[in-house]
Visitor: 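Here's a structure for you.
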Amino acid sequence: MITTKLPDIRTDFPLLCQTSGDLAPIAYLDNAATTQKPQVVIDAMHHFYLHNNANVHRGVYGLAVAATQAYEAVRDKVCRFLNAADRREIVFTKGTTESINLVAQSLGDEVLKPGDEVLITAMEHHSNLIPWQMLCKRIGARLRVIPMDDRGALKLENLSDLLNDRTRILAMVHISNSLGTINPVKKIIQKAREKGILVLVDGAQSVAHLPVDVQDLDCDFFVCSGHKLFGPTGVGVLYGKKSWLERMQPYQYGGEMIKTVSFERSEFADLPHKFEAGTPNIAGVVGLGAAIDYIETIGRPAICYYLANLAEYALHQLREIDGLTIVGNAPSRSCIFSFTMEGIHPHDVATILDQQGVAVRAGHHCTEPVMDFFGIPGTIRASFALYNIKDEVDRLVAGLREAQHIFS
Amino acid sequence: MITTKLPDIRTDFPLLCQTSGDLAPIAYLDNAATTQKPQVVIDAMHHFYLHNNANVHRGVYGLAVAATQAYEAVRDKVCRFLNAADRREIVFTKGTTESINLVAQSLGDEVLKPGDEVLITAMEHHSNLIPWQMLCKRIGARLRVIPMDDRGALKLENLSDLLNDRTRILAMVHISNSLGTINPVKKIIQKAREKGILVLVDGAQSVAHLPVDVQDLDCDFFVCSGHKLFGPTGVGVLYGKKSWLERMQPYQYGGEMIKTVSFERSEFADLPHKFEAGTPNIAGVVGLGAAIDYIETIGRPAICYYLANLAEYALHQLREIDGLTIVGNAPSRSCIFSFTMEGIHPHDVATILDQQGVAVRAGHHCTEPVMDFFGIPGTIRASFALYNIKDEVDRLVAGLREAQHIFS
Amino acid sequence: MSELSNLYQQTILRHNKSPYHYGRPETSDVVLEAYNPLCGDKYKIYLDVVEDRIDKAYFFGYGCAISKASTSVLVQRLEGKKLSAILELCQHFLESLVRENADIAEDEELAAFSAARQFPGRLKCASLSWDSLIEYLEISEE
Amino acid sequence: MSELSNLYQQTILRHNKSPYHYGRPETSDVVLEAYNPLCGDKYKIYLDVVEDRIDKAYFFGYGCAISKASTSVLVQRLEGKKLSAILELCQHFLESLVRENADIAEDEELAAFSAARQFPGRLKCASLSWDSLIEYLEISEE
Ligand SMILES: Cc1ncc(COP(=O)(O)O)c(C=O)c1O
Ligand SMILES: Cc1ncc(COP(=O)(O)O)c(C=O)c1O
């Protein structure tokens, strides 16, 4: 069902319904940092600890079997959710950051030689920048950057120069967390594929906003975090093509990831266990499963459509405010808005908004090079999720006007 | 208060009180794999998601400040719990396995040269074996092993040979998860210190059983997991002396662990954030805090004393069973019992026990070399925690006799 | 205890105690390994293959009662059978571990393992050697 | 909104708009840096020290209203004071950000920052430059 109105889902999120005294509930507009959790996700973990809690994979008794089934069932769910070809291509990590570090660490030596190039974009989150920067430093490879224009859109004219004979890896963000730009990843991946370049897509922001199909994108790796997807903290996903995951060294060593061990040598387990050393975040994975179920009940096309409408409204309202400059005006954008206000520091704006019950983020949003590019130390960022409503846009705007009033 | 009777705490653990039909509640004796969670831990995470959920460290708004305070308060708690000298010496990880991999990875190149030696014990969990094995392989160092006798006690006669001029790192388990042996770590650490050797103690099993004081032990690193300490899955602790943590390279790169970033170079944040890249398991850390509070309400000396009594009872009862061989008879032991039964495979025993509502583990318990040493493919393991009672020992014994009956 | 006695019933206990053709022949055409890294159960299966038939089958190794008995009844059913018929039997047997299979239900000994349906943690024990054999048969078919 | 107007009150807004001795002197004896990597606020504080007194103080940099105003009132209070007295003042001021401090409560301009107690996320903004100065003073004392 495609509609500008999502079913009344706010009540699914208990934190959004909390009131204290006669204050309105919080207008939570920091969803790019982390999302709120629906009751079903909280309940799923609660239920797990009450009824199924045991360690996974090796237990013979009923409880351990139930825990293992609950855990592995989520792998199937994630596999369907991202449309991976094989459940063994889904590795559970603690988050996007770990997923990227895993790939950079385990694959780096496999594919990168001195003089080779790794390509990222000008708008990467630190998590998709520093691991590659350090890898390049270690190997003696070169980190190169796809530039952007002053709207915050990638400049792709010279892409064929940047995707050259020495390029081995392309790592790029799907939706920028500080600019809101939706990058044309599919088109870029096609170009990279023609040259046999390996591609990692940072989907931390995109999974909650867009339907994602890793086979259609044809990326080699796709990474995301549970906590930005209405799931719990401490759990993330690494999707990787089987042929790559098989070639890669394990990232961590320990229980569950081995076939046989002696003091002299160890033989590693098959996929995906090779990459899941130690006791995983079992309850967290179960919570992630509930989050995916929740999203699929609503439907990603419906979410996408709803957010597009909300973005249009927010953009219009923000543009009405004199002295407000939106940072990030790419033609294709998501429901994340960064902006600065003349004469008022972002932190002061955020504090004043907070006092009015509007939660936004201020700072560089872990994208310092983006701030450097625009010559600013930081922005105010309002980022919306499926439970946000127009009324909250209005509260944001009213709060911004109040800040202007105080500083006038 | 030192007593053989703990206050009636079973009701604090909802899973232990579940009954179905007229079956007795489960006798959960797989605590070395993971522990059950008291209601207060489950509630703490629930409360966090309902009232404080936001990302930590960078937010200006009230919710983010509350989340940061809740998260950082647990660092203080863990610091006190382990008696660390400085809260910056406490790093949150996803578990023991990650903590050890972090040290092996980030410190390895700092202290290990070709020809150097890393010393472990004959009873290490794979998590405290393979990371060192792989490190040695990478560097060209040698992995050596403190042997044990056939009771499963370390043989320390030749310790001064093993702690020699080439030894750089000693990594040893505090309490063996497959034998129950309590190792004399303090005495061994003293010897290592005299030679300036760095020491890591794997406390995965010990924190729930013994009071731990890292300054008194004088180890350089101490690692443990929340989920074996009545806390949630997906969270663990690395304690490291500040001087070492400062010398070490970051393990993962991303948000929160940097001071400044450009495409050319990055400068890393101070301790402990240098080692906490990306969004941490915030709710998990909050749950761990509640678990520590819970343990401290009961008191670790009381727990220790209670478990010693329970162990004595269990040992006596198990010894009464003909055809049962206890694997691990060190003079100093904890409440973890491994054993084999004549003519019955461990998995068959575990299944038969499971049908009687007794949950034990069967297998090599991630300590294959220990099994090889005893020439067995695996054991049955019953491991007790503070909520277990003598009646459950009796149920275990009855179940074992039933298994013998079936296989007679 | 009724589910339980279903799994550890006479058939299985008997085969566990006195497995069929348990031993290592001096020579054999084919040696298969059935190994479960999760629990350590490990069997070698020794086959003499004459044309498209299995002539002789033995096994040796270590494992739980379920895997040992299941390997024993497997080996017992191989000799003299055509490879194609064996593949079919294996597939029916594996199906019977998940849901009712009419062909297997009639074979009392094989049907004993259907009780493993109630014990998901032990399914792999029942299927271990059968899985290895299928893998071998499918490869040789190609 | 009463807590809020407490933080963004006239003192702070005024100092933010017209900070005291805001600029880069051509020479100075001591240059301190006050930098908060978490938010990017960064000030340089330029001091001329004559014997055990601060003779001239300037600052320059970028940050939020709270950190800028707090640096401004700090700089304003340095000139002519003994280093030991400054250290004491800094300590009192930092205390006033955590709990009532009698000395600070009497100084209307400094007391304006006590409202930051209600805004734990902004405490560091109020203390930033004071922290750097304390660090410098403590090192020079040794
Ligand atoms: C002694 C010991 N070390 C390490 C580990 C690994 O802990 P985790 O799986 O929580 O990473 C365990 C748990 O099985 C253990 O018992
Ligand atoms: C685009 C992008 N990449 C990576 C990350 C890092 O995610 P996490 O902190 O969950 O590891 C984020 C989250 O801030 C992000 O927005």
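Naming convention: chains lettered A, B, ... in sequence-line order (proteins, then strands); numbering from 1 in each chain. Hydrogens, waters and symmetry mates are skipped; everything else that's a heavy atom, side chains included, is used. None of these values were measured; they are calculated from a predicted model.
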Visitor: Taking side chain as everything from C-beta outward and backbone as N, CA, C, O, which of these in A:Q36 sits under 4.5 Å from a heavy atom of chain B? Side chain, backbone, both or neither.
Guide: both
Visitor: If you tally heavy-atom pairs under 4.5 Å against chain B, which of A:I130, A:V235, A:L102, A:T97 wins?
Guide: A:I130
Visitor: How far does CZ of A:R138 sit from CG of A:L135, to the nearest 0.5 angstrom?
Guide: 5.5 Å
Visitor: Rounded to the nearest 0.5 Å, what separates atom CD1 in A:I120 from atom CH2 in A:W132?
Guide: 10.0 Å
Visitor: Flag the pair A:V173 / A:M123 as yes when at least one side-chain heavy-atom distance between them is below 4.5 Å, and no otherwise.
Guide: yes
Visitor: For A:Y61 and B:Q355, which I'm curious about, is there any donor-acceptor pair between the side chains at under 3.5 Å?
Guide: no
Visitor: Please classify the contact of A:F268 with chain B as side chain, backbone, both or neither, using a heavy-atom distance under 4.5 Å.
Guide: side chain
Visitor: Which region of A:L143, side chain (C-beta onward) or backbone (N, CA, C, O), has a non-hydrogen atom less than 4.5 Å from a non-hydrogen atom of chain B, or is it both or neither?
Guide: side chain
Visitor: Counting heavy-atom pairs closer than 4.5 Å to chain B, which one of A:K137, A:R265, A:Q39 comes out on top?
Guide: A:R265
Visitor: Checking A:A64 against chain B: side chain, backbone, both or neither under 4.5 Å from a heavy atom?
Guide: side chain
Visitor: So, taking the atom named CE in B:M45 and the one named NE2 in A:H46, what distance separates them when rounded to the nearest 0.5 Å?
Guide: 9.0 Å
Visitor: Quick check on the interface: out of A:L129, A:T233, A:V145, who has the most heavy-atom pairs with chain B under 4.5 Å?
Guide: A:T233
Visitor: Heavy-atom pairs under 4.5 Å with chain A - which of B:D43, B:D30, B:V285, B:L16 has more of them than the others?
Guide: B:D30
Visitor: Just so I understand: if I count every heavy-atom pair under 4.5 Å between each of B:E256, B:M257, B:R144, B:H227 and chain A, which residue has the most?
Guide: B:H227
Visitor: If you define the side chain from C-beta out and look only at heavy atoms, does anything of A:P369 sit under 4.5 Å from A:H126?
Guide: yes
Visitor: Would you mind checking which part of B:I258 comes under 4.5 Å of any heavy atom in chain A, side chain (CB onward), backbone (N, CA, C, O), both or neither?
Guide: side chain
Visitor: Checking A:P232 against chain B: side chain, backbone, both or neither under 4.5 Å from a heavy atom?
Guide: both
Visitor: Answer with side chain, backbone, both or neither: which region of A:Q18 has an atom nearer than 4.5 Å to a non-hydrogen atom of chain B?
Guide: side chain
Visitor: Kindly compute the distance separating CG (A:N55) from NZ (B:K228), expressed to the nearest 0.5 Å.
Guide: 6.0 Å
Visitor: Heavy-atom cut-off 4.5 Å, strictly under: side chain, backbone, both or neither for A:H51 against chain B?
Guide: both
Visitor: For A:Y28 together with A:F13, are the ring centres under 6.0 Å from each other?
Guide: no
Visitor: Do you know which of B:I282, B:T34, B:L50, B:I42 has the most heavy-atom pairs under 4.5 Å to chain A?
Guide: B:L50
Visitor: Hey, would you say the B:F275 and B:Y253 ring centroids sit under 6.0 Å apart?
Guide: no
Visitor: Could you have a look at A:N53, A:N128, A:V60 and say which one has the most heavy-atom pairs with chain B under 4.5 angstrom?
Guide: A:N53
Visitor: Which one wins on heavy-atom pair count under 4.5 Å against chain B: A:T260, A:I26, A:D372, A:T96?
Guide: A:T260
Visitor: Identify the residue among B:V103, B:V118, B:I100 that makes a side chain to side chain contact (heavy atoms under 4.5 Å, CB included) with B:P131.
Guide: B:I100
Visitor: Could you measure the distance from the NE2 atom of A:H57 to the NE2 atom of A:H273? Nearest 0.5 Å is fine.
Guide: 4.5 Å
Visitor: Given the options A:G62, A:C17, A:G95, A:G363, which has more heavy-atom pairs under 4.5 Å with chain B than any of the others?
Guide: A:G62
Visitor: Contact part of A:N281 toward chain B, heavy-atom cut-off under 4.5 Å: side chain, backbone, both or neither?
Guide: both
Visitor: Suppose we call two aromatic rings close when their centres sit under 6.0 Å apart. Are B:H125 and B:H365 close by that rule?
Guide: no
Visitor: Is it the backbone or the side chain of A:V360 that comes under 4.5 Å from a heavy atom of chain B, or both, or neither?
Guide: backbone
Visitor: What residue in B:A350, B:A104, B:S127, B:S225 has the most heavy-atom pairs under 4.5 Å with chain A?
Guide: B:S127
Visitor: Can you tell me how far OG1 of A:T279 sits from CD of B:E98, rounded to the nearest 0.5 angstrom?
Guide: 12.5 Å
Visitor: Between B:M134, B:E264, B:Q105, B:Q249, which shows the greatest number of heavy-atom pairs under 4.5 Å with chain A?
Guide: B:M134
